[in-house]
Amino acid sequence: MTEIRHDWTKEEISEIYHTPILDLIFRAATIHRENQDYGEVQISSLISVKTGGCPEDCAYCPQAARYQTGVNVHAILPKEEVVAAAQKAKAGGASRLCMGAAWREVRDNRDFDKVIDMVKAVNELDMEVCCTLGMLTEAQAQRLADAGLYAYNHNLDTSEEDYKRIITTRTYDERLQTLEHVRKAKISVCSGGIIGLGETVEDRISMLKTLSNLPKHPESVPVNALVPVKGTPLADQPRVSVWDMVRMIATARIIMPKTVVRLSAGRTEMSVVEQAMCFMAGASSIFAGEKLLTTPNPDFDTDMAMFQLLGLKPREAFKNGRPNQVTEQQAVEA
Ligand code: SF4
């Protein structure tokens, strides 16, 4: 059984990250097989329940109000529209619906009440419900948990050292505090980052260290490749190489063996062969559906064809139990 560690050093992570690529993939694939059903891939679908007009200044994000990106700004969606999208996603094989709102933080207002209603409604469809709404207080996290929220996404994006270059309107510590609130409410934690922001390899390693040294590993770690968007400060960033994605995924897989590592934004740019490399390297989840918040994503049919080709099957919802049973976490810690 693989040892679950929370004391990884940067040196150790760096050594793993820089292993010759074929050895790295082999090691990650071995750990994947020892710790998870590697033939299964969890499919999450993402819906933007409130788009654009965000007061934050995340340098990669088309939804920040201060950048001219042409994003179609809309107020909070009606519940019926979200339920219809969830049903469509479920029919397409998704076991989880992630609802995103372009907020700096959750406010205790009517919009939050609406999100709570959406969480309840999607939960009734027997889907895992995830939200990404910005910063949360402990009480708000508890309210979401009581409504049946399964997971909360709150990415670290980059390293603590690099954070100010990417976001100036909040701190790394605030980020970590929200993760603590989510954990306390016994909601499954989803937290990862983005590569291709102009960060160094040391930044990637530092972010992986933070994630793997949390008191409990996040149940999901999304690894995103920047999709540069015109009008954002990072519009001219070069695309990251697929080998960088493979190295990130494999390193995350090795240091957090039970975690679901999610191949997230940037998948549109990848061929099936490249995505297969990521699955070999330990990716065990994807985002599916037509749009990943505001950037394009392969549609369900294309993904199902890929699953068939690679002999993968979608993971069913609640495989590790219902919210607040904490069995997914127990699995992580086992
Ligand atoms: S990433 Fe989130 S918090 Fe940052 S600008 Fe975009 S919507 Fe706002």
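Remember, it's 1-based here, ligands and their atoms both numbered in the order they're listed. One-based numbering along the sequence shown.
- When distances to atom 4 (Fe) of ligand 1 are checked against a cut-off of 2.8 Å, Cys58 contributes an N, O or S atom below that limit.
- Residue contact check: Cys61 has heavy atoms under 4.0 Å from atoms 1 (S), 5 (S), 6 (Fe), 7 (S) of ligand 1.
- Of the candidates Gln63, Glu105, Arg170, Arg170 brings a heavy atom nearest to atom 3 (S) of ligand 1.
- Between Ile249 and the choices Val223, Val221, Leu24, the side-chain contact (heavy atoms from CB on, under 4.5 Å) rule is met once, by Val223.
- Remark: Arg107 fails to qualify as a cation-pi partner of Phe112 under the 6.0 Å distance and 45° angle criteria applied to the six-membered ring.
- Protein heavy atoms are found less than 4.0 angstrom from atom 6 (Fe) of ligand 1.
- Tyr150 and Arg96 are not linked by any side-chain donor-acceptor pair at a separation below 3.5 angstrom, with hydrogens and angles left out of the test.
- At the shortest separation from atom 8 (Fe) of ligand 1 among protein heavy atoms lies Cys54 SG, 2.2 Å.
- Residue contact check for ligand 1: Arg104 places no non-hydrogen atom closer than 4.0 Å to it.
- For the salt bridge (charged side-chain N to carboxylate O under 4.0 Å, His left out) criterion with Lys10, the lone passing option out of Glu161, Glu15, Glu202 is Glu161.
- Interface of Ala102 with ligand 1, defined as ligand atoms under 4.0 Å from a residue heavy atom, comprises 7 (S).
- Aromatic ring pairs are classed by plane angle as parallel below 30°, tilted from 30° to 60° and perpendicular above 60°; the pair Tyr163 and Tyr172 is perpendicular.
- Within the model, atoms CD of Glu180 and CG of Leu214 stand 9.0 Å from one another, a figure rounded to the nearest 0.5 Å.
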